[in-house]
Every structure is written in structure tokens, then in C-alpha cells.
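We count ligands from 1, going down the list as the structure has it; atoms in each ligand are counted the same way.
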Amino acid sequence: MHHILTTQQFLDRQLLKKIFQSAAQFEKLDKRRKIPPLLRSRILASLFYEPSTRTRFSFEAAALKLGGQVISTESAGHFSSAMKGETLEDTIRVVGGYADVIVLRHPEIGSAERAAKVSPVPIINAGDGAGEHPTQALLDLYTVQKELGRLDNFTIALAGDLRHGRTIHSLIHLLSLCRQLKIFLVSPRELALPNAYASFLKKHKINFTVTSDLDEILPHVDVLYLTRIQKERFSSARLYHTVKDTLVINKKKLKRLRKSAIVIHPLPRVREINPDVDSNPRAAYFRQAKNGLYVRMALLDLVL
Ligand code: NCD
């Protein structure tokens with residue numbers, strides 16, 4: 001594998017298992033502070049044209065823990081030559097001459113693919129607008145496996161902004177690898193999953209139900225995956241204000257969830273999860289964020 005652009009590249013259970021085993025191994029080695037310097041004399045460039053906390057820091061920490069080095073711009077739209085009118089393609093050609101791998105986040109769908117066409121080094125898609133976010137989906141599914149102890153036979157609710165949520169789009173592909181799966185797609189109608197992804201579910205004969213009623217389905221799920229309403233991707237402020245607080249959970253609602261169920265979220269959360277949920281052992285979202293470090297180490301090891 002050279003570039004990581006979409007989770008469609010990962011539709012292979014053997015490959016997925018290999019990545020998850022590698023992530024678990026890195027976690028073990030990290031606890032003993034014994035990570036081998038597999039990225040020695042390699043440089044990771046993180047080129048982020050959109051805000052990020054977890055994705056950028058966990059990729060950079062992963063590279064550093066593996067003995068690599070990092071060059072970085074966290075606000076490439078302002079601090080790179082994009083400000084002077086340079087095209088993404090030209091920037092990638094140049095940065096690709098300095099680094100061994102480029103982690104790219106950009107507001108346009110398809111930007112990672114465009115970058116990959118001209119890049120001399122691997123491109124890792126860290127989010128292309130409302131398109132995909134493959135490394136997040138890999139760590140999401142890794143978290144499900146780690147928390148539930150299985151990759152098959154579970155019910156998952158994907159709730160929130162299914163229209164613009166790139167982590168959801170990427171996860172949809174990966175879920176096709178799970179057997180005996182049931183999905184609830186929970187969103188206001190305006191934020192429904194785009195047709196291309198719904199068709200993918202149909203094509204893979206995945207059992208899914210569309211609803212806008214989160215409370216009703218809570219007792220039936222093993223995994224509740226909440227997402228942020230992606231305010232920055234709305235063309236109408238009015239629509240954002242009508243939908244912004246429609247899907248939220250708090251300590252009281254959590255009582256309706258199964259004892260064995262988990263709550264995950266790619267973060268950042270805005271109001272979807274009340275902080276009174278955080279101390280509940282079923283709140284897995286901070287463990288999930290930590291898992292990102294190890295899954296990204298496994299992915300850097302894979303592409304480099
Ligand atoms: C997500 C993203 O950037 O798509 N964040 C992340 O990488 N963990 C989710 C979001 O911004 O809502």
C-alpha cells in the first residue's frame with residue numbers, strides 16, 4: 001500500500017486484522033517504552049488546511065515515538081504558499097521533496113486523491129472536506145473490537161451529521177467487513193447519509209434502518225457512535241440552528257442503554273454528549289482517541 005485515501009482500500013479482513021494486531025503490539029511496546037525506531041531518518045510532513053487536534057497530534061506523536069521526525073503546518077491555508085495562490089498540486093510536489101510521507105487535511109472532497117496523483121511520497125488522507133477520513137474509521141473499528149471483544153454480531157447506531165460527517169462515510173465501508181451486523185442511521189432528514197453510501201450498504205446487503213428517533217433505539221444498540229453537527233459545512237445558518245441540538249445524550253438517557261454497550265465519538269464534541277456521561281465506564285471516546293495513536297503507528301509502519 002502506498003497512499004491511504006479511502007477505506008475502500010481496506011475491504012479485506014486479513015489486512016484489517018494485521019493492522020489491529022500491529023496497533024495492539026505498539027500499545028504494549030509503548031507501555032514498556034520499547035518502541036523500535038522503525039521510522040529513523042524518516043520525516044513526516046503534516047499539512048493541515050483545516051483545524052485538528054487529535055489527528056495531527058496523534059500522527060505526529062506516532063512518528064516521533066517511532067523515531068521519525070516531523071515538519072508541520074497547522075494552518076496551511078494561512079501559513080503556506082496557498083495564501084499566495086499556489087495550487088495544492090505544486091505544494092505537494094515541493095513538500096514531497098522534503099518529507100517521506102505527507103498527512104493531508106483539506107476542505108475539498110477529492111483533495112487527497114488529487115495530491116496522490118502528483119506526490120512522490122505516500123499521501124495519508126486526514127480528512128478531505130465532507131468526503132472521507134479513513135484513519136479515523138480504522139481507529140473507530142479498532143475501538144469497537146477492543147471494547148466489545150468482537151468484530152461481528154453487533155448493532156451500531158451512527159448518529160448525528162451523517163451527510164457531512166467524513167468519519168461516518170469512511171466507517172460505512174469498513175462495516176461491510178462485519179458479519180451479523182445491524183446499523184441504525186440516526187439523523188434529522190436534512191442530514192441523512194448521502195446516496196452513494198446508502199447504496200454501498202445496499203450493495204453489500206447490510207441490514208440498516210433509517211430513523212430520527214435516538215431515544216427509541218438506545219436500548220437496542222451495542223455501540224452508540226455520536227458525531228458533531230458539522231457547522232462549518234452548512235451553507236445555511238438557519239438550517240444549522242434548526243438541527244444543532246436534535247441528537248444529544250446525557251446521564252439520564254444513558255440509563256436506556258445496555259449495560260454492555262459503549263458510546264464512541266470521533267471528537268470534538270459540542271453538545272451531543274453531556275459531560276455528565278464522561279465518568280460512566282461505557283463512555284469510550286477518550287480511550288478511542290488514545291487508540292488513534294497506536295492505529296496511526298501501525299499505518300505509518302504499513303506505508304513506510
Ligand atoms: C473529525 C473530523 O475532523 O472529521 N475529527 C477527528 O478527526 N477526530 C470529526 C469532527 O470534526 O467532527
Regarding Arg228 and His265, is there a side-chain donor-to-acceptor distance under 3.5 Å anywhere? no
Checking heavy-atom distances from atom 3 (O) of ligand 1 to each of His133, Arg54, Arg166, the winner is Arg166
Test: Glu27 and Lys146 ion pair at under 4.0 Å: yes
When distances are taken from atom 11 (O) of ligand 1, the protein heavy atom at minimum range is Arg228 NH2, 2.9 Å
For Thr167, counting its heavy atoms only, list the atoms of ligand 1 lying under 4.0 Å from any of them. 1 (C), 4 (O)
Within a reach of under 6.0 Å around CD of Glu113, are more than 12 heavy atoms found that belong to other residues, nucleotides or ligands? no
If you measure from the Lys or Arg side-chain nitrogens to the Asp or Glu carboxylate oxygens, is any gap between Arg114 and Glu108 under 4.0 Å? yes
Which of the numbered atoms in ligand 1 are under 4.0 angstrom from any heavy atom belonging to Thr55? 6 (C), 7 (O)
Does Arg105 have a non-hydrogen atom less than 4.0 Å from ligand 1? yes
Decide, yes or no, whether a salt bridge links Lys65 with Asp30 under the criterion of side-chain N to carboxylate O below 4.0 Å. yes
So, Ser119 versus Arg93: side-chain donor-acceptor pair below 3.5 Å or not? no
Measure the distance from atom 6 (C) of ligand 1 to every protein heavy atom, then report the residue, atom name and distance (to 0.1 Å) of the closest one. Leu267 O, 3.5 Å
Give the atom numbers and elements of ligand 1 that come within less than 4.0 Å of a heavy atom of Gln136. 6 (C), 7 (O), 8 (N)
